[in-house]
Student: 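There's a structure below that I have some questions on.
What you are looking at is a predicted structure, and each value in this text was computed from that prediction instead of being measured. Every number for a ligand or one of its atoms is a count from 1 in the order of the listing.
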Amino acid sequence: MLTIVVGGFFGDEGKGKIVSYLGLNDKPAYAVRCGAVNAGHTVVYNGKKWKLRAIPSAFLNKETILLIAAGSLIRLDVLFKEIRETGSEGRVFLDRNTGIIEEEHVERERRNKYLSLEIGSTLQGVGEAMVDRVLRKLRLARDFNELRNIVTDVSSIVNEALDKGLNVVVEGTQGTFLSLYHGTYPYVTSRDTTASAFASEVGIGPKKVDEVIVVLKAYVTRVGSGPLPNELSQEEIVRRGWVERATVTSRLRRAAPFNYELARKAIMLNSATQVAITKLDKLFPEAYGIREWSKLPMEARKWVENVEERLKVPITLIGTGEDSKQIIDRRKDLGVS
Ligand code: GTP
Ligand code: IMP
Ligand code: MG
């Protein structure tokens with residue numbers, strides 16, 4: 001069974017946490033990370049914290065093989081550091097065609113005033129590497145000697161696994177409205193960030209996708225420039241306890257209340273079969289750490305039910321804290337796989 005996890009707002013919805021939980025609970029045979037190193041996924045488990053920019057957040061499950069998609073763009077130093085930090089030696093593999101970002105790309109972005117001042121780019125070299133890829137001069141994983149033992153054919157591995165009935169999780173990055181095609185252009189990232197695009201990055205045809213989980217935070221955040229409907233002042237963000245800093249750049253995240261219009265559009269663009277809501281504990285502090293639906297405070301349950309009714313998609317996973325296990329999993333109760 002193939003599950004794709006994507007962001008439904010402007011990124012940082014908590015895909016890292018959701019995928020790490022799916023790793024521990026569903027024990028997928030393979031997890032595939034898409035996107036690039038401008039996206040930081042946070043995983044917190046048993047008092048430890050990881051900020052992942054290259055390898056899949058499902059690494060917590062030691063049996064899961066960790067793959068990086070052909071459509072990804074990564075940096076070698078980031079990759080090797082994360083393999084070490086997560087103790088994932090021997091089970092991380094990249095597609096032969098994964099793009100490699102080099103120092104030159106980072107320098108080009110740093111010199112680019114439009115990207116830094118107008119767009120508010122993370123300046124990780126991703127857009128410039130994408131430019132080189134389109135111009136067909138980017139070096140790929142297969143061109144690097146130091147990767148020769150870990151390059152493989154990810155699309156074949158995943159398609160064969162699906163044919164055998166194994167579980168595969170695909171981890172998207174950023175959020176639907178940072179999509180190069182469907183987002184708030186030009187205030188977007190340098191790739192499409194919807195489920196179809198991530199399937200394509202891995203090399204999976206649309207008919208093989210079983211579940212699409214759109215992750216929505218209980219409020220909306222955005223880093224960098226671009227429109228954010230109903231944006232709150234910094235004082236109001238502090239008052240509500242919604243202060244966040246970006247995983248890669250440490251910039252303060254802008255914030256706004258939960259947005260139904262964006263959520264509906266994200267559900268449509270991704271053909272969501274499930275919605276995951278993170279940070280319910282930030283709206284209802286009494287919900288912190290709760291793992292059973294019946295134990296949630298009535299007010300929190302009502303809020304979730306109201307969102308579910310308005311979005312018309314089952315809310316299957318509910319984050320109640322940073323830890324991978326601080327989650328309510330309603331999939332069995334709702335009859336969703
Ligand atoms: P991008 O691919 O960059 O969009 O990142 P992401 O979606 O993986 O999110 P990221 O980890 O950057 O940001 C989410 C933040 O929320 C992290 O600090 C998480 O630890 C935290 N988080 C996720 N789920 C919950 C939750 O249910 N409750 C609380 N309190 N924190 C959460
Ligand atoms: P770039 O893709 O790094 O050039 O950044 C372009 C825009 O996308 C900027 O507004 C960034 O803040 C935003 N962005 C890129 N990656 C992420 C992410 O992982 N989370 C949130 N915003 C991101
Ligand atoms: Mg992030």
Student: Take the Mg ion (ligand 3) as the centre and count protein N, O or S atoms at distances under 2.8 Å.
Tutor: 2
Student: Could you list the atoms of ligand 1 found under 4.0 angstrom from a heavy atom of Thr320?
Tutor: 27 (O)
Student: Rest of the hydrophobic cluster containing Val134 (Ile/Leu/Val/Met/Phe/Trp/Tyr, side-chain heavy atoms under 4.5 Å)?
Tutor: none
Student: Give the residue and atom name of whichever protein heavy atom lies nearest to atom 9 (O) of ligand 1, and the separation in Å to one decimal.
Tutor: Asp12 CA, 3.2 Å
Student: For atom 19 (C) of ligand 1, which protein heavy atom lies nearest, and how many Å away is it?
Tutor: Thr42 CB, 4.0 Å
Student: With a 3.5 Å cut-off and no angle check, do the side chains of Thr320 and Asp281 form a donor-acceptor pair?
Tutor: no
Student: Is the side chain of Glu82 donor-acceptor paired with the backbone N or O of Ala54 at a distance under 3.5 Å, no angle test?
Tutor: yes
Student: Among all protein heavy atoms in this structure, tell me which lies nearest to atom 28 (N) of ligand 1, with the distance rounded to 0.1 Å.
Tutor: Asp281 OD1, 2.9 Å
Student: Considering only non-hydrogen protein atoms, determine which one is nearest to atom 3 (O) of ligand 2 and report residue, atom name and distance to 0.1 Å.
Tutor: Thr122 OG1, 2.5 Å
Student: I need the contact type for Leu115 against ligand 2. Using non-hydrogen atoms and a strict under-4.0 Å cut-off, is it side chain, backbone, both or neither?
Tutor: neither
Student: How far is atom 18 (C) of ligand 2 from its nearest protein heavy atom, and which residue and atom name does that atom have?
Tutor: Gln174 CG, 3.6 Å
Student: If you count the atoms of ligand 2 from 1 in the order shown, which ones are under 4.0 Å from a heavy atom of Gly224?
Tutor: 10 (O), 12 (O)
Student: Does only the side chain of Arg33 get under 4.0 Å from ligand 1, or the backbone, or both, or neither? Count heavy atoms.
Tutor: neither
Student: Relative to ligand 2, is Arg251 under 4.0 angstrom through side chain, backbone, both or neither, heavy atoms considered?
Tutor: side chain
Student: For atom 6 (C) of ligand 2, grab the closest protein heavy atom and report residue, atom and distance to one decimal in Å.
Tutor: Val188 O, 3.3 Å
Student: Is ligand 1 less than 4.0 angstrom away from at least one heavy atom of Arg253?
Tutor: yes
Student: What residue and heavy atom of the protein are closest to atom 25 (C) of ligand 1, and at what distance?
Tutor: Gly321 O, 3.5 Å
Student: Which ligand 1 atoms, with their elements, are less than 4.0 angstrom from a heavy-atom of Gly319?
Tutor: 27 (O)
Student: Using 30° and 60° as the class boundaries, would you call the ring planes of Trp303 and Phe258 parallel, tilted or perpendicular?
Tutor: perpendicular
Student: Which is it for Phe10 and ligand 2 at heavy atoms under 4.0 Å: side chain, backbone, both or neither?
Tutor: backbone
Student: For atom 27 (O) of ligand 1, find the nearest protein heavy atom and state the residue, atom name and distance (0.1 Å precision).
Tutor: Lys279 N, 2.8 Å
Student: Closer than 4.0 Å to some heavy atom of Gly16 - which atoms of ligand 1 meet that?
Tutor: 8 (O)
Student: Taking only heavy atoms of Gly11, which atoms of ligand 1 are found under 4.0 Å from at least one of them?
Tutor: 4 (O)
Student: For atom 14 (N) of ligand 2, what is the nearest protein heavy atom, given as residue, atom name and distance?
Tutor: Leu178 CD1, 3.9 Å
Student: Nearest to atom 2 (O) of ligand 2, what protein heavy atom do you find, and at what distance?
Tutor: Thr189 OG1, 2.6 Å
Student: Could you find the nearest protein heavy atom to atom 2 (O) of ligand 1 and give me its residue, atom name and distance?
Tutor: His41 NE2, 2.5 Å
Student: Should you measure from each heavy atom of Gly120, which atoms of ligand 2 turn up under 4.0 Å away?
Tutor: 9 (C), 10 (O), 11 (C), 12 (O)
Student: Run the contact test for Val223 against ligand 2 with a 4.0 Å cut-off on heavy atoms, strictly below, and give the result.
Tutor: yes
Student: To check your reading of the model: name the closest protein heavy atom to atom 5 (O) of ligand 1, its residue, and the distance in Å.
Tutor: Gly40 O, 3.1 Å
Student: Applying a strict under-4.5 Å side-chain criterion to I, L, V, M, F, W and Y, I'd like to know whether Val212 and Val215 cluster together.
Tutor: no
Student: Considering non-hydrogen atoms of the protein only, which is the closest contact for atom 4 (O) of ligand 2, and what is the distance?
Tutor: Ser121 OG, 2.8 Å
Student: What protein heavy atom is closest to atom 21 (C) of ligand 2, reported as residue, atom name and distance in Å?
Tutor: Asp12 OD2, 3.1 Å
Student: Identify the protein heavy atom lying closest to atom 24 (N) of ligand 1, giving its residue, its atom name and the separation to 0.1 Å.
Tutor: Lys17 CD, 3.3 Å
